[in-house]
Structures are given as C-alpha cells and as structure tokens.
*Asks:* 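Dumping the structure here so I can ask a few things about it.
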Amino acid sequence: MHADLSPGEAPRHPRSRAPIHRRFRRPLFRTPHTMPRYDPKRIEPKWQAYWEQNETFRTPDFPQGPKLYVLDMFPYPSGEGLHVGHPEGYTATDITCRFARMRGQTVLHPMGWDAFGLPAEQHAIKTGTHPRETTYRNIATFRRQLKMLGFSYDWSRELATTDPDYFRWTQWIFLKLFDSWYDPEFGWTDHRGQARVGKGRPIAELPIPADIQAQGTDAVRRYQDRHRLAYQQEAPVNWCPALGTVLANEEVIDGKSERGSHPVVRIPLRQWMLRITAYAERLLSDLDHVAWPESIKLLQRNWIGRSEGAEVDFYIGTPGSPANAAGFAAWQTSRAASRFPLQPSEDVVRVYTTRPDTLYGATYMVLAPEHPFVDRLTTATQRSAVEAYRQQASMKSDLDRTDLAKEKTGVFTGSHALNPVNGQPVPIWIADYVLASYGTGAIMAVPAHDLRDWEFAVQFDLPIIPVVAPPEGYEHSRDELALERTVKGTVQRPFAGEGTAIHSDRYNGTPTAQFKKQITGELAERGLGRGAVNYRLRDWLFSRQHFWGEPFPIWHELDADGNPTGLMRTDAESELPVLLPEMRHFKPHGRPEPPLAEAPDEWRFQTAADGVRLARETNTMPQWAGSCWYYLRFIDPKNSQAFIDPAKEAAWMPVDLYIGGAEHAVLHLLYSRFWHKVLYDRGCVQGDEPFHRLVNQGMILGEAELTGYQRANGTWISARDIAPGQTDEGVIEKGTGQAVKPVSLAASQVTKKGGDFVLADQPEIIVESRSFKMSKSRGNVVNPDVVVDQYGADSLRLYEMFMGPLEATKPWSTTGVEGVSRFLARVWRSITDEQADEIRLHPGVQNVEPTPEQNRLLHKTIQAVTQDIENLSFNTAISRLMEFNNALASSEVRPRKIVEPFVLLLAPLAPHLAEELWQLLGHGKTLAYEPWPSFDPRLLVLAEVEIPVQIGGKMRGKVTVPTGADEATVLQAIHADSKLGGQLAGKQIVKTIFVPDRMVNLIVK
RNA sequence: GCGAGAGUGGCGGAAUUGGCAUACGCGCCAGACUUAGGAUCUGGUCCCGCAAGGGUUGAGGGUUCAAGUCCCUCCUCUCGCACCA
C-alpha cells in the first residue's frame, strides 16, 4: 500500500543508524581513559534494584496524613508487549506520585492486568496453548517492561483479573447485581445528606403483586427474575456458520467476519443483561460531582441521551375486531376513568414522541419489525410481504439498518389505528428505521415535521399535513432543503423546528413549547398519554460466547427431560470462585453456543440437595467486568474475607487522579460508575462516584512521513489532486479516477513553499506531510525496549513528557529523544567531573553561598516546576529545568545550595539520574521522601524591571526602572531615553495607559 | 450531517489568561577542539530589508489604548456520534 523506497535513495532505517555508531565508536575515539559519562545502563538497573529491595514505594494499609490515590488504566497484556503509548500516561502518574510523596502525601499507586480477552483465546484456538499460559507469559513481559521504566508502583498490590482470587469477587459482585432490583420510587438520603429518589434494593424486598403470589413460588421466582439488575433475555448475536462461532461486534465488518470474510447472521440467543438503564438518570446527574474534562462528560451525556416527551396510546381495537368508531368511544370513556395504565393494554399501540404538539399531523404509524403486535396487525393480504420484510430485517445488524445513505424501506400491515386526539384512522406500517429497542418500539409519524418521516412518506406516497408554522423569517436548514419537493407547482419542505400550531383544532396559534406542556397534561387527564423520559442508553449485554472470561456463578434448573425450566439458582458465596473447567481443545464446536458447552460433565452438571438437576451457565462475562472494580481491589488486594475492607475503602476512595486513553471515555467509565453505584446502593462502598479527577492522555503517532504521489507512468501528481478517501486499490487521482501510487520521500527531496511542502526539483508538485497512528502494518511502531536500550528509561520518560501537552495527540520524533537524552547528559556533566578518571563531583560544586542571581533563578525554577507539575504541564516543567541547567553549566561555581534542590526538582521526572546524583552529593538514602524544595517569593522580585513602551499601541522601545516605579518615574525615564524621547519630541501625550512593572502605552497626537 | 477540540518558525511546542509573540528542545548554518565527527563546546537562526524600518499567530472582519488570547463569518485538520422518534 505504501511504497517504502524513495527514488534515488538507498533504503534507510530511521532508528538504527546513529546509536549503533555511537555505541561502538565513542569509546574508541575517546581520550585514553574512559571518562565517567552519563550511563543509564549502569544507573537505572541499580536504582530499580534499590527501590525493590528497600520496598521504597510500598504503601501502608492506611494513609498517614493526606492520601492521594493515583491510578492508571491498567493494560491488556497483549502479545506485542508494551507500546510507547502506555508509558505516556504511566509516566505522568508516576511523576505526580513521586512529587506528592516528597510533599508528604501518602500515595497509593498500584498496577495490574486486564487479562481476560479474546486474543489469548484466539491464540489458543490456533496453537492449542492454554490462554492462561499465554496470558501469564504476556504479563511477565509487561511487568518487566514497566519495571524497566522505573515506575514507583507498589508492586505488592499487583493483580490480574484472571486470578481466581480476583474474579472470585467479580463473581461476588455479579451475585450482588443478581440479588438487586431498582426501586424508582424509593426515597432516601445520600452520603452528602441530599434527599434522593430511586435506589437499588435487595430482591427480597421486591413487592410481589397478589396475582403473582397466588400462582405459587415458581411464578414469584420468575417475577423476581424479571426485575433483577442482572437478568436474561433473548438477544441477537453474530453467528458465523462458516467459522462455527459467535463473533463480537468488532469482529464483524460490513456483515462479514473480520477473519475470512464469511457471512455473519444475526440469531437470537439467551443472553445476560445488566439493567444499567435504571441508573441512567443518576449516571447523568452525578457527572456534576466529578472533575472530568467537559468533553468527556459531554460524550457520556450524549451516550446516555436523555430526551423528554410523551407516551401516547393509539387505539387499534382488539384482536379479531379492528378499530372502529364505537370501540374508540368506549375506549376513551374507560380510559378517562382508569387513567393511563403503566403497561399498554392489548387494544392500543403505545408510541413515544418528543413532539406531542404534532399529534394532529400524525398521518401514519410505524412499528419496528420486531414489535410484538406486528403479527396480529398484519392482514391476510399483507402477510407475505410483511413476513418477507421481517425476515430481511432480522438479518441486518443495527449498523446496517442505520446506514443513512440508504432509502427508507417498509411495508404496510393492512391495519389502522385511531388518532387519540381526533379519531382519524392512520395506517400502521412496519419499517426498520424504527428501532425496537428505543422508546416503545413504535412511533407516530409526522412527516411534515420529522425529516425521517418525511422521507418515508414521500417514498410511499403517504399524506403530509403541516401542523406547525415556522416562525417569521425562518430559514430552512440544509437538511430540510435537501428534502424539498414540488407538488403541482408548489414547493414543499419539511420543518423540524419549533413554531406555532396550525391545523390543530382549538390549539391553533399555540407556540410549540406551550403546546407540548398543555397537550401532555390534557392527554394525561383523559388517560390517553403521559409525560415520559427516554434514554438512548441500552441495557448492557453482559454475556459473551467465549472461554477466556469469568464464569457466571449461576445454575439452570432442568426438568425430567433435561431441558431448562427457566428457573435459576446461584452458587453460594462460600463456593466462589467458580473456576473455568480444564479443557484441552479450544476449537469452535460448530454450534451457536459458547465453548463452555463442551466442558466436562462434572463441571457442567450437578444435582442439588433437593434432587433437582442443574446445568451450569456456559456464557462468560465480558472483558469489561474485571475492569469495572479493580480500583477497589487495589486498596485491599489480599483480603480473603471480603472484596474490600470498608475501613480501607473509606480511607482511600475515591481515586483522586485517573489517567488513561480517551477510547474508554464512554464504556469503561460508564460501566464502572454503574457498578459503583449499585455497590453504593447496597451499602458495600461509601461514595457514589469512583473517579474524582480524570485526565485523558493523547495518542502518540508515528514519526512524520512525507508522501508524494506518482502515476503509473512515473510522473508526479500534486497531493491536492488526490481524491479524498481511499479505495481498496489505493489512491485515486481526482480528475481521471486513475490509480496513483503513494511514495515515501526523504526530507532532502522536499522543500517548503508557502504553506505547503513541495518536491525540491518540481516545486509545482505538492507533497503530503503527516503522521499516522502507529501500526504494525505501516511499520512505524516504536518499541520502548529499543528506546530504553539506546537512551535509557529516564530519557524515554522525559521525552514523552516533553513532546507536548499530556492531552494532545503528538507525533514521535527520534531526534527529540536524542535531545532530552543530551539534556540529561548535560545535567550529569554539570554536577559530575568529566575530567576525572572516576566518578566524582564537579569541582565547581562547593559549599558556598549562591549569588543573588543564582538564588533568584533557583527560586523562580522551584515556583514554576511546582506549579507545572501540579497542573500536569510536564513539558514546561522540563523546559524550566533545562533553562536552569543551562545557567548552572555556564557558571564556574555551582553552590550545593542550588544544586541539591535542582536534583530534587528533577527527581520526579528523571528519578534514576536524580537518585544517582543525590547519592554522589553525599546522601545515604533515597530521595523519594526528601521534602520538596520550597521557594521564597521575596527572592523572585528583581530590583529593576525592564518595561516595554508602546507609542500609539506599537512597541517602540523599553526602559529600565526600579521595581514598583510609579507612572511619573516611568514617564521621566521614557523622556530621558534617547530613542523614545526623540520619538515623543514635538508630540502631545493624549492618554497614558500604565500597568505597573508591566508596560506603558502612550497615545500621542 | 450533528457535537467537541485544534490551527503559532523548517519541526514538536511556549506565552502570569487581554499587556515584550516565537521560551525550551529538534533541525539547520558558522566556528572551536580534532587524523576524523553524526560526540562535545561557542555563536547564529520567524519573514522582507545593506540599514533605518516594516511585516507576522489558518483567511477576512470587529471590540479595545492594547488581541495568538474576546466577538462574528469562512476555511482546514483531528476525535466522537450518526435514522434514538
């Protein structure tokens, strides 16, 4: 896809050249004896061993003094090993932790492994290696790599989600979810003392309706099962018959399997669901209590997708007796008495709408193809068409169905419903643009005021009645204009905004907002509708058809024939963990069932004490499960009595700083918050939000690449003339549609012209310059092992922090690493004696008082570095340290009083080098708990300041005046200045803007 | 399409939140030490101009004594969502 050879240039490997030369040549050409140069290969393992042996970063069970819980999103230990993206966030947290320790905080900073997951299982299918083996081998690699980078984790708290000691409690939490129901009306007071309504409660407290009670214990159990936060439902899965396995959504691309491109069908399978929707409102409103980036909060808000509107019932008559005027009248009368029922009755289709004010414009209805009433509403003449349509729709995934580019499709059922406000019959259609899983799975279609309905109505020639007049001077949106049509010479357009009611009986003239409120109230009074809130958020599909996941602690009861009865039992808490069975073969067995269906019988079945045959649940939990609560277990990782000791939980939670990739902005963070809230409701934890402050580190891209484009005949073509996007064949020329070949170019072949890069010998050809996401296929992945080998861990850490703001996306640059590596070597040389044969202090490092200038710079640096680290602005902290070192290196005398604090300032960022220098300065133990240097603000003040002078808003010069000088003194200095005074001569100062110690602006005439 | 964020030297990026634009690093140029240098050190490096001076923060407009920073219009890029009634 990407040609690697640049014309006329020998192939070149960007990373391999310089360092090899340096390693071999430097000692050879050095002066006779080897000088004690900066040597990370010696220093770094030495201090890593020291920290490990002395348990320097071991965290006590309870904080002594102020606590700080700093957490990284723990990695999935892939077979590829650590990526340079990982150490970015990890370095940021490590700096924060080291800094906090020096400031006297007790820091909890743990690391672990999100170790269940598909790749290990796929590897097992291919090679027969047990996923456990692969996983623990990968973990060992990751652990080695992280230790090599010198992170100050408390490794005694390490955990993996695959450890039975860990997933024992994952299963335990599942049982809590299974044992809970959500009571939306329960009033209580939260830990902030605020009154709340709605809480997760023990299932034993679920009120059982009398009619259910009367049907016996099995009925009661089924009723309870329907209300649990963990419940079962038939849900479609991606079944690939050719591969004989069920696929995850991300393994399906365009309806075909990612591997092999085999067709994938959607078939319903019994699935576990978690009722996260019950917590939608709290997940939304509690975002106000956390210090997260607004953008992430917004993402979550959009994902939850709250909307307000109304539910309205449309009368359809009873099965066998379709809607008629008499039935409609009777229904209205009975509804006025009974009010609006919680569950829709058999004689209505219930719709959800955000625009109840457009009820008079509803000219048809649409049900989702899966709506339970479709069968009964389909008339004989329509039956075959409806069946065919439903069949077709069931094959499509949600993704296919929501493909916007497509025309709307649908089929008439043959039946009609009656509009509750005017009794008008409206035809009932089914169409896949209505989703079964949102709202009530049915809509009233108001084509005049909904773009989707408009499109559908035009497609199937259904009536369009405008019922809202746009406000005066309304300009139609681009989308509205795109759907414009002309009927008998009149232009018609949909209008989706708010305005004033027309063609709506006595409501005519009512503004939209008022109309909504009014009609919702009136419908409610007549028992025909009610105000309703809906969420885009769906319940969480919590089961996977995989082997390498947590087994569910659930048994299914079997009848005499060995068929499941639908009733369930749980494993007792004391029987946890439920371990995975020992299996040898991981190959798919060819049936749409989980691999665990092949487990040995002794794992699969048992007979309960009461003689009932039980079959174990064979689905496993998704990878999200283990990461939902790991932050809690880190606080008390070895506890065998409880998932966490409540006293420790109270002492350490919440997580004060959580850093990780933005790719988890929605799902992981939403799922964790949900579990935490359930645990909170059930009294297992004491706060309702787990992560106080969240920061997303940006992505690190590969090194910038210059790309030119060449036609088949070898002529160049400007990047401007390349069609946007790519096809399978590669890149296409805009005008001709001809395929062109991308060619990597060397920097020497390219120059800058205007805002573009162009070919040096053909300046009319524009070349593309950009960085790409690191990927194996592109070959631009940077391996941390290689970087550490060549430059050392401190250099890698420092470079990743120096690249730019933590949250920004930024390209890798090998020369940039060399730059920071040179800085560390300069620090080494400014404190050690490079002339000596052995390592010793630089002769300039003396026990003398610093000059006022040196002292001022030190205090300025302390102030700036302190602030920068607090703000996670590590790039500027590093540049401050560079400035300081530049000054230090250029002065003959380097007083200890400024060298020592400088080493301490460097310590969080480059801990190995700092420890080594600290030791060299004569200190006997680690600097990890040395007090952070403080600064004296009085020392920051200069005796004199240079003030910029503007005349008429333009910079004209500068004057030097005593600090704090008043306006008159400064003006005097300006007039005395030869240049400035001259410019003012003969002019009249109309106005003076004076900012003390900052600037002066003179307005002259 | 909708939502969010971002556009500053050859490159990564700074800029007391409206007050000296381009800190720091890379790269490049020159010099020093050298048999040699891709090590190290010194100096230079936004653009035009010999200079005086003028210009410059994606483009255009506005507010202000003063705009990279605030407001409006537009362009480009990145990320997220995408028939949610």
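First the proteins, then the strands, lettered A, B, ... as listed; each starts at 1. What's counted below: heavy atoms across the whole structure, side chains too, no hydrogens, waters or symmetry copies.
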*Asks:* So, the side chain of A/Glu703 versus the backbone of A/Thr814: is there a donor-acceptor pair under 3.5 Å, distance only?
*Replies:* yes
*Asks:* Measuring only the P atom in each nucleotide, how far is B/rA66 from B/rC2? A whole number of Å is fine.
*Replies:* 36 Å
*Asks:* My understanding is that only residues two or more places apart in sequence, or in another chain, count here; which of them pass side-chain hydrogen bond (donor to acceptor under 3.5 Å, both in side chains) with A/His371?
*Replies:* none
*Asks:* Take atom CG of A/Leu537 and atom C1' of B/rC81, then tell me their distance rounded to the nearest Å.
*Replies:* 14 Å
*Asks:* Report which part of the nucleic acid A/Thr992 touches: base, sugar-phosphate, or nothing (heavy-atom distance under 4.0 Å, all strands).
*Replies:* nothing
*Asks:* When you match A/Ile878 and A/Ala442 each to their closest nucleotide on RNA chain B, which lands nearer the 5' end?
*Replies:* A/Ile878
*Asks:* Would you mind reading off the distance between A/Met882 atom CE and B/rC26 atom P, rounded to a whole angstrom?
*Replies:* 7 Å
*Asks:* Cation over ring, A/Arg536 on A/Trp303, under 6.0 Å and within 45°?
*Replies:* yes
*Asks:* Work out how far the C1' atom of B/rA6 is from that of B/rG58, and round it to whole angstrom.
*Replies:* 11 Å
*Asks:* Looking at A/Tyr433, I'd like to know if the NZ or CZ of A/Lys408 sits under 6.0 Å from its six-membered ring centre while staying within 45 degrees of the ring's axis.
*Replies:* yes
*Asks:* Which one, B/rC41, B/rG3, B/rC83, comes nearest to the side chain of A/Arg826?
*Replies:* B/rC41
*Asks:* If I pick the P atom on B/rA4 and the same atom on B/rA15, what distance separates them, to the nearest angstrom?
*Replies:* 25 Å
*Asks:* Sticking with atom P, work out how far B/rA67 lies from B/rG60, rounded to a whole angstrom.
*Replies:* 15 Å
*Asks:* Quick one: label A/Arg880 by what it contacts on the DNA or RNA (base, sugar-phosphate, nothing), any heavy atom closer than 4.0 Å.
*Replies:* nothing
*Asks:* If you measure from the P atom in B/rG62 to the same atom in B/rG7, how many Å do you get, rounded?
*Replies:* 24 Å
*Asks:* Both A/Gly439 and A/Val820 contact RNA chain B. Taking the nearest nucleotide for each, which residue is further toward the 5' end?
*Replies:* A/Val820
*Asks:* Not counting sequence neighbours, which residues clear side-chain hydrogen bond (donor to acceptor under 3.5 Å, both in side chains) with A/Glu883? List them please.
*Replies:* none
*Asks:* In whole angstrom, give the distance that lies between atom CZ of A/Arg956 and atom P of B/rC65.
*Replies:* 18 Å
*Asks:* A/Leu367 CG to B/rA85 C1': how many Å, rounded?
*Replies:* 13 Å
*Asks:* Using a 4.0 Å heavy-atom cut-off across all strands, classify A/Gly819 as base, sugar-phosphate, or nothing.
*Replies:* sugar-phosphate
*Asks:* Among residues at least two apart in sequence or on other chains, which ones pass side-chain contact (heavy atoms from CB on, under 4.5 Å) with A/Asn871?
*Replies:* A/Ser873
*Asks:* Considering only atom P, compute the distance from B/rG61 to B/rU78 and round it to an integer number of Å.
*Replies:* 28 Å
*Asks:* Just wondering, are more than 12 heavy atoms of other shown residues or ligands nearer than 6.0 Å to NZ in A/Lys297?
*Replies:* yes
*Asks:* Which salt bridge (charged side-chain N to carboxylate O under 4.0 Å, His left out) pairs, counting each pair once, include a residue from residues 351-367 of chain A, with sequence neighbours left out?
*Replies:* A/Arg355-A/Asp357
*Asks:* Consider the side chain of A/Asp479, meaning its heavy atoms from C-beta on, and name the nucleotide among B/rC65, B/rG1, B/rG27 that approaches it most closely.
*Replies:* B/rG1
*Asks:* When you get a sec, tell me which of B/rC83, B/rC41, B/rG55 is the closest nucleotide to the side chain of A/Lys954?
*Replies:* B/rG55
*Asks:* Roughly how many Å apart are B/rG68 and B/rG9, using the C1' atom of each and rounding to a whole number?
*Replies:* 14 Å
*Asks:* What does A/Asn886 touch in the nucleic acid at a heavy-atom separation under 4.0 angstrom: a base, only the sugar-phosphate, or nothing?
*Replies:* sugar-phosphate
*Asks:* State the dot-bracket string of RNA chain B. Criteria: Watson-Crick or G-U wobble, both atom distances under 3.5 angstrom; notation: ( ) intrastrand, [ ] crossing earlier pairs, | interstrand, . unpaired.
*Replies:* (((((((..(((......[....)))((((((.......))))))(((....)))..(((((..]....))))))))))))....
*Asks:* Rounded to the Å, how far apart are A/Glu663 CD and B/rU78 C1'?
*Replies:* 15 Å
*Asks:* Could you tell me whether B/rG80 is syn or anti, where syn means a glycosidic angle within 90 degrees of zero?
*Replies:* anti
*Asks:* Please pick, from B/rU78, B/rU40, B/rG25, the nucleotide with the shortest atom-to-atom distance to any side-chain atom of A/Arg822.
*Replies:* B/rU40
*Asks:* Calculate the interatomic distance between A/Leu824 atom CG and B/rU40 atom P; express it in whole Å.
*Replies:* 13 Å
*Asks:* Take nucleotides 13-22 of chain B nucleotide by nucleotide from the 5' end and write B, S or -, depending on whether a protein heavy atom sits under 4.0 Å from the base, only from the sugar-phosphate, or from neither.
*Replies:* SS-B--BBS-
*Asks:* Under 4.0 Å between a side-chain nitrogen and a carboxylate oxygen: does that hold for A/Lys516 and A/Glu308?
*Replies:* no
*Asks:* If you only use heavy atoms from C-beta on, which nucleotide in B/rG80, B/rA85, B/rC65 is closest to the side chain of A/Val434?
*Replies:* B/rA85
*Asks:* Under 3.5 Å, is there a donor-acceptor pair linking the side chains of A/Ser307 and A/Asn534?
*Replies:* no
*Asks:* Can A/Thr861 and A/Arg880 be counted as having a side-chain donor-acceptor contact under 3.5 angstrom?
*Replies:* no
*Asks:* C1' atom, B/rG5 versus B/rG37: distance in rounded Å?
*Replies:* 45 Å
*Asks:* Quickly work out the A/Asn885 CG to B/rA23 P distance and round it to whole Å.
*Replies:* 19 Å
*Asks:* Can you tell me whether the base of B/rU17 sits syn or anti, using the 90° cut around 0 to define syn?
*Replies:* syn
*Asks:* It should be established whether A/Arg829 places a side-chain nitrogen or oxygen under 4.0 Å from OP1 or OP2 of nucleotide B/rC41.
*Replies:* yes
*Asks:* Contact class for A/Arg306 vs. all strands (heavy atom < 4.0 Å): base, sugar-phosphate, or nothing?
*Replies:* nothing
*Asks:* Taking 4.0 Å as the cut-off, does a side-chain nitrogen or oxygen of A/Arg536 come that near to OP1 or OP2 on B/rA82?
*Replies:* yes
*Asks:* At 4.0 Å (heavy atoms only), tell me whether A/Thr815 reaches a base, stays on the sugar-phosphate, or touches nothing.
*Replies:* sugar-phosphate
*Asks:* Give the rounded distance in Å between these two atoms: CD1 of A/Ile951 and P of B/rG54.
*Replies:* 11 Å
*Asks:* Going by atom types alone, do A/Glu281 and A/Tyr535 pair a side-chain donor with an acceptor below 3.5 Å?
*Replies:* yes
